[in-house]
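Presented below is the structure to which this report refers.
Numbers here simply count residues along the sequence, with the first being 1.
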Amino acid sequence: MRIAIYGRPFNLDVLPYVQEVFDNLSQHGVDIYVHHQLSDYLNDKIKIVAYNVLGPDVKIKGFIDLFITLGGDGTLLDMVSVIRNTGVPVIGINFGRLGFLATINKSDIAAAIFAVVNKDYCLDSRDLISINSENEVFGDDNFALNDITIHKRDDAAMIITRVYMDNEFLNAYWGDGIIISTPTGSTAYSLSCGGPIIFPQSNSLVLTPVSPHNLNVRPVVLPDSSTITFEVESRSSNYLVSCDSRTATIDKTMRFSVQKAGFQLNLVRLSNESYLSTLRNKLLWGLDVRNY
């Protein structure tokens, strides 16, 4: 079994858990591949375990059986641009805070790796969205698992975002910006701006305004079969467009269209996990004993 590991620079106090990941994989006789960026960072930081370096030109489809991410949800989101449309499953070990996507706690590393190696898991397929524009701002990395966001610069006045659904005018949003979120991203930035939680199987997108100037403007849930088009008007010289963790500065009027991407990401779910249990645990539902 070939398992690849991806991660970003992290606090040195988690190195014992990183070592535990490598040790457990080695004990199970796994062929370990480490993403080249992580390999450079780990140089001499952990006890040497035999592994291969996964270079930037390696075709992972049909070669790598599974990816493990070390970090938080942001690390797993970064991983999407590596996995892309290959369908390779991914499981996240959470070194971050909330962990809606990277759901494996540090204390459960050994059990999680045992389950993965023995294929005691199921796949939770998540839809992505893609963004297109005349200049192809994000190139081939124009897809997002969580959300695509249009936002004013920190020191800028509010922007006006005109939104069309399947070429029919929906609304003009005056404010700091707007979030186009997948069901997966509904528990991220959109939730913090008052958006609803959407189940992954809902076949929906949510349009959530950021600090709207008109108080009667609220989030809207749309079918994910829609094509959503945006035109931005700003008194400042530029504004921001984000595609998950990738951000571009736009300095002119441009028309963007967002729609469901043509592929999914396969998240690994262990037998003791479910979307509902993740919601309850991460949002601390039921912590008040009066709920039971």
Side-chain angles (χ1 to χ4, degrees), residues 72-74 76-77 96-103 126-129 131 144-166 168-234 236 239-247 250 256-260 275-288 290-291:
D73 287 351
L76 199 148
L77 288 174
R97 291 180 290 273
L98 203 54
F100 269 102
L101 299 175
T103 57
R126 299 296 184 89
D127 289 322
L128 292 86
I129 51 178
I131 181 169
L145 177 62
N146 262 3
D147 48 52
I148 291 169
T149 303
I150 297 171
H151 206 284
K152 74 179 186 69
R153 295 293 299 269
D154 291 342
D155 56 351
M158 66 179 179
I159 60 176
I160 303 170
T161 309
R162 293 183 173 83
V163 180
Y164 301 82
M165 175 181 166
D166 294 331
E168 182 177 352
F169 181 65
L170 174 63
N171 196 8
Y173 293 87
W174 298 55
D176 285 356
I178 197 161
I179 307 164
I180 311 96
S181 171
T182 66
T184 299
S186 69
T187 52
Y189 189 20
S190 174
L191 182 64
S192 70
C193 292
I197 295 174
I198 303 178
F199 275 65
Q201 303 84 9
S202 299
N203 298 321
S204 301
L205 302 174
V206 62
L207 212 63
T208 306
V210 181
S211 302
H213 183 66
N214 306 95
L215 298 182
N216 60 341
V217 171
R218 291 293 180 267
V220 179
V221 178
L222 305 173
D224 65 5
S225 57
S226 308
T227 297
I228 308 167
T229 310
F230 303 86
E231 294 174 343
V232 180
E233 180 181 327
S234 173
S236 303
Y239 55 93
L240 304 175
V241 177
S242 296
C243 196
D244 276 347
S245 57
R246 302 175 296 281
T247 300
I250 310 300
F256 301 91
S257 65
V258 173
Q259 57 192 0
K260 187 162 72 170
Y275 185 73
L276 285 176
S277 67
T278 300
L279 276 182
R280 290 195 304 270
N281 293 334
K282 302 303 180 180
L283 297 180
L284 306 180
W285 289 353
L287 211 60
D288 187 335
R290 292 174 297 178
N291 291 353

Any donor-acceptor pair under 3.5 Å linking the side chain of S234 with the backbone of I159? no
OH-OG1 distance between Y275 and T103, expressed to the nearest 0.5 angstrom: 12.5 Å
State whether the side chain of D166 and the backbone N or O of T227 hold a donor-acceptor pair below 3.5 Å, judged by distance alone. yes
Restricting to ring-ring contact (aromatic ring centres under 6.0 Å, His included), what partner residues turn up for Y164, sequence neighbours left out? F169
Atom CG in L145, atom OG in S245: separation rounded to 0.5 Å? 10.5 Å
Do I228 and L170 come close enough that some side-chain heavy atom pair is under 4.5 Å? no
Please examine the side chains of P223 and M165, heavy atoms only from C-beta on, and report whether any two atoms are closer than 4.5 Å. yes
Do side-chain atoms of D73 reach the backbone of F100 as a donor and acceptor pair under 3.5 angstrom? yes
Listed by chain and number, what are the salt bridge (charged side-chain N to carboxylate O under 4.0 Å, His left out) partners of R126, not counting sequence neighbours? D124
Under 4.5 Å between any side-chain heavy atoms of F199 and L276, yes or no? yes
Is there a side chain to side chain contact (heavy atoms under 4.5 Å, CB included) between F256 and T161 once you walk through the steps? CA-CA 11 Å; F256 301 91; T161 309; over 6 Å; no
Looking at OG of S190 and CG of D147, how far apart are the two atoms once the value is rounded to the nearest 0.5 Å? 7.5 Å
OG (S204) and CG (L222) are apart, to the nearest 0.5 Å, by 8.5 Å
Please report the C-alpha distance between V220 and N171 in whole Å, then the side-chain angles of each, then the deciding distance to 0.1 Å, and finally whether the side chain to side chain contact (heavy atoms under 4.5 Å, CB included) criterion is met. CA-CA 11 Å; V220 179; N171 196 8; over 6 Å; no
Looking at every heavy atom in both A144 and C243, which two are closest together, and how far apart are they? CB-SG, 3.9 Å
Got a second to check how far T229's OG1 is from R162's CZ, nearest 0.5 Å? 14.0 Å
Side chain of T182, backbone of N146: donor and acceptor closer than 3.5 Å? yes
Set of side chain to side chain donor-acceptor pair (under 3.5 Å) partners for S202, sequence neighbours left out: none
Any S226 side-chain heavy atom under 4.5 Å of L205 side chain: no
Taking side chain as C-beta onward, heavy atoms only, is V163 less than 4.5 Å from I178? yes
W174 vs H213 aromatic rings, parallel, tilted or perpendicular, using cut-offs 30° and 60°? tilted
Let me see the working for T208 and Y189 under side chain to side chain contact (heavy atoms under 4.5 Å, CB included), right down to the final yes or no. CA-CA 9 Å; T208 306; Y189 189 20; over 6 Å; no
Which distance, rounded to the nearest 0.5 Å, do you find between the CG of D224 and the CD1 of I198? 10.0 Å
Does the side chain of V241 come within less than 4.5 Å of F230's, by heavy atoms? no
So, do P196 and V206 sit near enough that their side-chain heavy atoms are less than 4.5 Å apart? yes
Hydrogens and angles aside, do T149 and S242 bring a side-chain donor and acceptor to less than 3.5 Å of each other? no
Taking all non-hydrogen atoms of both residues into account, name the closest pair between P209 and V217 and its distance. CG-CG1, 3.7 Å
